[in-house]
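So the structure is just underneath, and the comments pick up after that.
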Protein chains: 2
Amino acid sequence: MADIAAEAHVSVKTVSRVVNHEPGVRPDTAERVRGVIERVGFRRGDSGATLRQGRTFTIGLVVEDLADPFYSHISAAVEREARIHRYLLVTASAEGSPTRERSVLKGLVARRVDGLVVVPAGETPVADPTVIASRTPVVYLDRPVRSETAVDTVLSDNLGGIRSAVEHLVAHGHRRIGFLGDSPDVWTARQRREGFVATLRDLRLPGTPLVAMGPHTPETVRTALTRWTSGADPVTAVITGNTRVTIPALTSLHAWATQLSFVAYDDFELSDVVEPAATVVHQDPAAMGQKAAQQLFARLLGDEGPAQTFVLPTRLIVRASGAPRRPARDVRNVSAS
Amino acid sequence: MADIAAEAHVSVKTVSRVVNHEPGVRPDTAERVRGVIERVGFRRGDSGATLRQGRTFTIGLVVEDLADPFYSHISAAVEREARIHRYLLVTASAEGSPTRERSVLKGLVARRVDGLVVVPAGETPVADPTVIASRTPVVYLDRPVRSETAVDTVLSDNLGGIRSAVEHLVAHGHRRIGFLGDSPDVWTARQRREGFVATLRDLRLPGTPLVAMGPHTPETVRTALTRWTSGADPVTAVITGNTRVTIPALTSLHAWATQLSFVAYDDFELSDVVEPAATVVHQDPAAMGQKAAQQLFARLLGDEGPAQTFVLPTRLIVRASGAPRRPARDVRNVSAS
DNA sequence: TTGTATGCGTTATCAT
DNA sequence: ATGATAACGCATACAA
């Protein structure tokens with residue numbers, strides 16, 4: 001900036017004024033300065049300004065895995081919201097490790113991001129002393145965090161979602177339903193399991209709930225399905241607890257295609273192409289990311305209200321997979337021959 | 001930091017030394033300083049350091065759409081590489097618009113990112129004067145950019161990939177093959193189209209090449225397939241040019257399932273679950289992102305060598321969809337009855 | 001309308 | 001081993 005000033009024979013302050021579109025500069029002076037800026041290709045660096053005014057116009061996002069569709073949609077939504085406010089987004093993966101999470105949070109705080117959206121890796125208060133001390137506004141997403149002080153949180157309606165799945169299957173006449181959940185380490189997986197069990201109870205379905213928590217592979221799914229379908233009271237439908245379960249499950253489900261109905265928690269690309277087209281519980285990760293970012297920006301804009309928790313609704317997208325299976329035509333032919 | 005210094009009865013410089021683990025501090029002094037730091041919960045802010053040493057330890061990534069699996073895998077890989085070097089990653093979507101791309105690039109440059117990985121929206125030299133002037137190292141990814149000066153570029157072997165797809169189909173006896181490409185606005189789509197045509201020519205396959213460029217919807221795919229399968233010399237196989245084409249195409253391909261083989265460019269989740277399991281040309285977005293980031297860090301670490309272009313190989317993952325279709329059993333039964 | 005002095009938090013230089 | 005001071009690039013307050 002000093003270079004520009006020298007070149008245009010004005011003071012740095014005048015250049016600053018021009019760059020920031022401040023009033024009080026004679027048009028021709030401004031023009032001259034702009035000319036030089038254009039010629040040299042100058043851009044104001046925010047580092048100085050940041051230092052001076054203590055704001056970086058950058059927010060941070062911490063997720064488990066950027067490559068996971070669920071998180072990538074969240075990430076895209078948060079970035080979009082940030083762009084609306086002319087903010088930039090720094091993204092970091094914690095890879096499910098609380099340790100790594102702490103370390104990336106420290107990095108983010110050191111960079112003095114103005115705010116944070118965090119999908120907490122563990123439930124232990126990520127409310128790291130570092131973050132607390134920095135007084136950086138934080139919005140938690142997808143999972144709550146235990147904390148003495150209330151914190152802004154955006155959740156999905158896991159209980160309602162799983163309930164809609166069970167009710168859908170029951171409406172189709174299913175009475176014996178299995179639940180394939182993700183690892184019990186994951187809060188949402190536990191929530192859905194509990195929701196599943198609670199719904200069965202509320203609906204007074206007979207028998208003990210059939211639950212197989214993950215992490216799952218095609219093999220573990222096959223084992224569970226074999227067990228569930230071979231007893232005296234075989235399951236006729238299963239619910240997969242999230243996409244990480246649905247993907248390996250779909251392979252195995254094929255083998256039971258003629259007997260088992262299913263509902264998948266989380267929509268997925270090609271959900272309408274697989275056979276049968278998958279009925280899914282759709283939670284809108286884009287909406288979740290957007291809501292979290294909006295709440296964060298409300299804070300950044302001065303909202304001092306009490307911490308809030310938002311629970312976003314899920315939507316059951318009905319396709320074919322929830323309906324009772326009929327023996328496929330070729331199978332019938334084979335057995336008839 | 002000054003507070004710490006006062007509290008510990010040392011100079012700021014000494015505190016700085018302790019914080020940065022610089023040598024030349026007496027152990028007991030260091031210990032005392034650390035104690036105070038611990039007590040007041042101090043964290044060095046990078047803004048001052050950035051200002052002083054002109055480095056942000058942050059790199060920027062510009063892609064089209066963070067939610068697109070291709071880009072989200074790239075993004076995850078770049079972020080991972082950044083983390084290895086203890087850098088942070090700022091991601092921004094250009095949404096395919098050169099205008100927006102310029103604007104996000106300006107934002108990134110203003111933040112003084114130390115380097116950039118850019119998936120260019122257009123082919124017009126994104127080599128924006130702003131970026132040039134900032135002398136920020138840039139690595140282009142997935143698509144080249146026309147520029148007077150050579151620039152580091154990481155590409156995928158589009159020609160080789162499409163060739164492997166065609167050859168695979170030809171090896172399975174197909175002679176009449178259609179190509180469903182993405183919008184011709186996209187460089188990679190054009191590359192693959194050209195590669196397709198060139199391969200047909202090299203293999204001396206008869207007839208004019210059948211090409212339908214996008215953007216595609218299930219309808220446009222259906223129209224093309226209807227046309228191609230209804231003539232005197234019907235196609236027996238199609239190639240989809242990328243995932244944005246494969247997804248809508250899969251819906252329509254179902255209707256032709258008994259006649260058409262296919263190979264999809266780009267692997268996709270569930271590629272082995274769809275029926276028939278999809279043979280795909282796999283370009284490894286994670287490897288691409290990693291390579292680009294590695295090249296960028298090489299530059300950041302002082303590599304002054306001439307600009308390089310890397311062309312990463314693709315891999316044909318053979319599943320079932322490339323083999324000639326036989327009438328499915330149930331269809332045969334029906335026609336026999 | 002324009003310019004000068006000062007400070008933001010940190011590190012580098014050069015003392016002591 | 002430690003400290004005083006300048007400097008980084010910009011914006012704020014104030015002066016001219």
Side-chain angles (χ1 to χ4, degrees), chain A residues 1-34 36-37 40-58 106-114 130 133-136, chain B residues 1-37 40-58 86 106-114 130 133-136:
Chain A
M1 193 140 132
D3 306 349
I4 309 291
E7 193 91 6
H9 304 291
V10 294
S11 75
V12 270
K13 178 59 213 177
T14 301
V15 178
S16 173
R17 278 193 257 261
V18 173
V19 168
N20 297 330
H21 307 100
E22 284 173 31
V25 180
R26 227 178 20 205
D28 57 323
T29 312
E31 199 43 60
R32 184 156 38 96
V33 173
R34 266 194 293 273
V36 179
I37 288 177
V40 207
F42 169 83
R43 272 254 108 195
R44 182 179 85 250
D46 288 344
S47 2
T50 288
L51 190 53
R52 189 66 229 253
Q53 35 192 39
R55 302 181 56 181
T56 55
F57 292 97
T58 302
K106 285 189 180 181
L108 257 9
V109 169
R111 254 69 155 199
R112 295 286 187 261
V113 293
D114 294 340
T130 306
S134 70
R135 303 181 46 74
T136 308
Chain B
M1 193 143 132
D3 307 349
I4 309 290
E7 193 89 7
H9 305 292
V10 294
S11 75
V12 274
K13 180 59 204 175
T14 299
V15 178
S16 173
R17 278 193 256 259
V18 172
V19 169
N20 297 327
H21 306 99
E22 284 173 30
V25 180
R26 224 175 24 202
D28 57 324
T29 312
E31 199 43 61
R32 183 158 37 98
V33 172
R34 266 193 293 272
V36 178
I37 288 177
V40 293
F42 169 82
R43 277 252 104 199
R44 179 179 84 255
D46 287 345
S47 353
T50 289
L51 187 54
R52 189 62 236 250
Q53 32 192 42
R55 301 181 58 184
T56 54
F57 293 95
T58 302
R86 327 205 98 226
K106 286 190 179 184
L108 258 8
V109 169
R111 254 67 156 201
R112 294 287 187 262
V113 293
D114 293 341
T130 306
S134 70
R135 304 181 43 76
T136 308

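In the text below, chain A, chain B and the rest are named by the order of the sequence lines, each starting its count at 1.
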Nearest to the side chain of [X], which nucleotide is it out of [options]?
X       : options               : answer
B/Met1  : C/dT11, C/dC8, D/dC8  : C/dT11
B/Arg26 : C/dC8, D/dT2, C/dT1   : D/dT2
B/Ser16 : D/dA11, C/dT4, C/dT11 : C/dT11

Q) Between B/Arg17 and B/Val33, does a side-chain contact (heavy atoms from CB on, under 4.5 Å) hold up when you go through it step by step? A) CA-CA 10 Å; B/Arg17 278 193 256 259; B/Val33 172; over 6 Å; no
Value rounded to 0.5 Å, distance of [atom1] in [X] from [atom2] in [Y]:
X       : Y        : atom1 : atom2 : result
A/Ile4  : A/His9   : CD1   : NE2   : 12.5 Å
B/Asp46 : B/Arg55  : CG    : CZ    : 12.0 Å
A/Arg32 : A/Thr14  : CZ    : OG1   : 9.0 Å
A/Arg44 : B/Arg112 : CZ    : CZ    : 9.5 Å
A/Asp3  : A/Ile37  : CG    : CD1   : 11.5 Å

Distance in angstrom units between [X] [atom1] and [N] [atom2], rounded:
X        : N      : atom1 : atom2 : result
A/Ile4   : D/dG9  : CD1   : C1'   : 13 Å
B/Arg55  : D/dG9  : CZ    : P     : 15 Å
A/Asp3   : D/dC8  : CG    : P     : 11 Å
A/Arg43  : D/dG9  : CZ    : P     : 17 Å
A/Ile37  : D/dC10 : CD1   : P     : 10 Å
B/Arg111 : D/dG9  : CZ    : P     : 18 Å
A/Glu31  : C/dT2  : CD    : P     : 13 Å
B/Arg112 : D/dC8  : CZ    : C1'   : 12 Å

Is any side-chain nitrogen or oxygen of [X] closer than 4.0 Å to OP1 or OP2 of [N]?
X       : N      : result
A/Thr14 : C/dT2  : no
A/Ser47 : D/dG9  : no
A/Arg44 : D/dC10 : no
A/Thr29 : C/dT2  : yes

Q: Search all heavy atoms of A/Asp114 against all heavy atoms of A/Thr56 and return the closest pair with its distance.
A: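 Reported closest heavy-atom pair: OD1-N, 3.1 Å.
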**Q.** B/Ser11 to B/Ala5 - nearest heavy-atom pair and separation
**A.**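 Residues B/Ser11 and B/Ala5, closest heavy atoms: C-CB, 3.7 Å.
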**Q.** B/His9 or B/Gly48, whichever maps to the more 5' nucleotide of DNA chain D
**A.** B/His9
Answer with base, sugar-phosphate or nothing: what part of the nucleic acid does [X] contact at a heavy-atom distance below 4.0 Å?
X       : answer
A/Asn20 : sugar-phosphate
A/Gly24 : base
A/Val19 : nothing

Nucleotides 12-15 of chain C: which of its N/O atoms have a protein N/O under 3.5 Å away?
from, atom 1, to, atom 2, distance (Å)
C/dA12, O4', B/Arg52, NH1, 3.4
C/dA12, N7, B/Lys13, NZ, 3.3

